[in-house]
Every structure is written in structure tokens, then in C-alpha cells.
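All values below were derived from every heavy atom in this structure, side-chain atoms included, with hydrogens, water molecules and symmetry-related copies excluded. When a residue number appears, it is its place in the shown sequence, counting from 1.
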Amino acid sequence: NKVVKVTSNDKGTNIDALNDALHGVDALYTYEPNLLLTMCYADCVPIYFYSEKHHFIGLAHAGWRGTVGQIVNALISNIDFDLNDLNVVIGPATSTSYEINDDIKSKFETLPIDINQYIDTRGTDRHGIDLKRANALLLENAGVPRDNIYITNYATSEDLSLFFSYRVEKGNTGRMLAFIGQ
């Protein structure tokens with residue numbers, strides 16, 4: 001759950017070729033204008049943060065590990081304004097068709113949110129999980145007003161004509177680019 005503040009010095013990083021400058025980063029944010037933050041996804045949850053009032057934008061990548069590691073909280077800890085001024089959009093990601101086992105479910109049980117609101121048990125060692133909902137609950141728990149959180153209904157695993165899905169396409173897929181700028 002590595003979060004990095006991006007400045008104008010970072011413009012162009014990883015545009016022409018990938019390098020290690022931002023390797024392993026799960027969230028980016030900036031207070032500077034004229035910057036575009038980008039990340040690639042293929043089922044994980046893209047989470048967009050913005051405050052026009054405070055000239056703030058952020059972008060987080062939340063798969064199951066990032067959600068358990070509370071990447072949204074890690075990014076929010078870098079915000080120096082009232083969370084009532086923060087808006088969050090939770091973008092297209094896999095649907096509740098995404099299943100986890102008991103071991104992974106036990107990791108979610110340590111979070112400070114009600115597991116019954118985003119995980120349903122389907123059988124022995126089989127649980128459907130809604131990562132978009134889990135991240136929304138984490139954001140609410142951290143103090144972001146519910147009315148400031150928008151969750152898209154789009155699911156990467158449900159419409160392959162619009163999205164790539166790593167799980168459905170068994171790894172033989174492209175990636176989608178999430179971006180936010182100011």
C-alpha cells in the first residue's frame with residue numbers, strides 16, 4: 001500500500017518506457033495543477049479522489065490485497081483538508097462473481113467494517129466479494145461522507161465488450177487506463 005505524492009518533477013514518468021520510478025505504487029496524489037495521474041487495471045478497483053476546492057486529485061489501485069491493506073486510508077492520511085470537501089468515485093471493477101477462499105476471507109475479517117455488507121458465503125471455502133462496496137465502507141469509516149462516494153454499476157467481469165477482465169480472460173488480456181487530472 002505504497003502512496004506517492006506526485007509533483008511537476010514527475011511529469012512524463014513511465015510515458016515512453018516503464019521504469020522503476022513508480023514501481024510498486026498503489027496510489028498517487030497531488031495538489032499541483034496541470035498533472036494527469038494514471039494507473040492500469042484489469043479487474044481491480046480504480047478509485048478516484050478529488051476536491052475542486054482544495055485543488056486535490058488522487059488515484060488508488062485496490063485489488064483484494066490493497067483493500068485488506070486499506071489503500072484508501074493510506075491515501076486519505078495524506079489529505080490536509082476536511083473530508084467533507086473530498087469526493088470519491090469508485091470505478092469499474094470485477095463484480096461479486098469474484099470469489100475468495102476462507103484464508104482470504106479471514107484477512108477481511110480484521111477490517112473495521114461489517115463483512116456481511118460485502119461478502120456472501122456460497123459454499124465450503126467459497127465466498128463472493130464486492131471490492132467496490134468494501135472500499136466504500138472503508139472510506140465511510142475513515143470519515144468520507146456517504147453522499148460524497150459514487151460507485152459505478154459497471155463491472156469488468158460482466159461486459160467484455162467494454163472492459164478487460166483478468167479473471168474471466170484467464171490472464172490473456174489487456175489493461176484499462178484510469179486517469180484523473182486537474
Practice problem: Dump the intermediate steps for side chain to side chain contact (heavy atoms under 4.5 Å, CB included) on Thr38 and Leu28, then the final yes or no. | Solution: CA-CA 8 Å; Thr38 65; Leu28 305 167; 5.9 Å; no
Quiz prompt | Shortest non-hydrogen contact between Gln70 and Pro112, atoms and distance | solution = NE2-CD, 4.0 Å
Self-check item: Asn78 side chain reached by Lys5 side chain, heavy atoms, under 4.5 Å
Solution: no
Quiz prompt | Step-by-step side chain to side chain contact (heavy atoms under 4.5 Å, CB included) determination, Leu111 to Tyr118 | solution = CA-CA 12 Å; Leu111 295 178; Tyr118 63 95; 3.8 Å; yes
Quiz item: Is Lys105 close to Ile119 at the side-chain level, that is, under 4.5 Å between some pair of heavy atoms?
Solution: yes
Quiz item: Minimum heavy-atom separation for Ile151 to Ala136, with atom names?
Solution: CD1-CB, 3.6 Å
Practice problem: Indicate the atoms forming the closest heavy-atom contact of Ile115 with Glu109, along with that distance. | Solution: CD1-CG, 3.3 Å
Quiz item: Under 4.5 Å between any side-chain heavy atoms of Ile129 and Trp64, yes or no?
Solution: no
Quiz prompt | Side-chain donor or acceptor of Thr152 paired with backbone N/O of Tyr154 under 3.5 Å | solution = yes
Quiz item: Taking everything shown except Phe179 itself, do over 12 heavy atoms lie less than 6.0 Å from its CZ?
Solution: no
Self-check item: Atom pair CG (Leu131) and CD1 (Ile100), whose distance is rounded to the nearest 0.5 Å
Solution: 8.0 Å
Practice problem: Check each of Val88, Asp130, Ile149, Thr67 against Asn135 using the side chain to side chain contact (heavy atoms under 4.5 Å, CB included) test, and report the only one that passes. | Solution: Thr67
Self-check item: Where Asp82 and Asn84 come nearest, the two heavy atoms and their spacing
Solution: OD1-N, 2.7 Å
Self-check item: Gap between atom CD1 of Ile104 and atom CD of Glu99 - 0.5 Å precision
Solution: 11.5 Å
Quiz item: Which heavy atom in Asn153 sits nearest to a heavy atom in Lys132, and how many Å separate them?
Solution: C-NZ, 4.1 Å
Quiz item: Do Ile76 and Leu139 come close enough that some side-chain heavy atom pair is under 4.5 Å?
Solution: yes
Quiz item: Within the distance-only criterion (no hydrogens, no angle test), does the side chain of Glu32 pair as donor or acceptor with the backbone N or O of Ser8 below 3.5 angstrom?
Solution: yes
Exercise. Kindly determine whether Asp102 and Arg126 satisfy side chain to side chain contact (heavy atoms under 4.5 Å, CB included), including the steps that lead there.
Key: CA-CA 7 Å; Asp102 289 341; Arg126 290 183 55 229; over 6 Å; no
Quiz item: Heavy atoms, side chains only, cut-off 4.5 Å: are Thr7 and Tyr31 in contact?
Solution: no
Practice problem: Quick one: closest heavy-atom pair of Gly66 and Asn1, and the distance? | Solution: CA-OD1, 3.5 Å
Exercise. Answer yes or no: is there a side-chain heavy-atom contact under 4.5 Å between Gln117 and Ile113?
Key: no
Quiz item: Under the side chain to side chain contact (heavy atoms under 4.5 Å, CB included) criterion, do Val6 and Tyr29 qualify, and how do the steps go?
Solution: CA-CA 6 Å; Val6 174; Tyr29 74 95; over 6 Å; no
Kindly list each side-chain donor-acceptor pair under 3.5 angstrom involving residues 44-60, sequence neighbours excluded, with atom names and distances?
from, atom 1, to, atom 2, distance (Å)
Ser51, OG, His54, N, 3.3
Ser51, OG, Asp85, O, 2.9
His54, NE2, Asp85, OD2, 2.8

Quiz item: Salt-bridged, Asp120 to Arg122, with N to O below 4.0 Å?
Solution: yes
Practice problem: Measure the shortest side-chain to side-chain distance between Val25 and His61 over non-hydrogen atoms and say whether it is less than 4.5 angstrom. | Solution: no
Quiz item: Is any side-chain heavy atom of Leu86 less than 4.5 Å from a side-chain heavy atom of Ile79?
Solution: yes
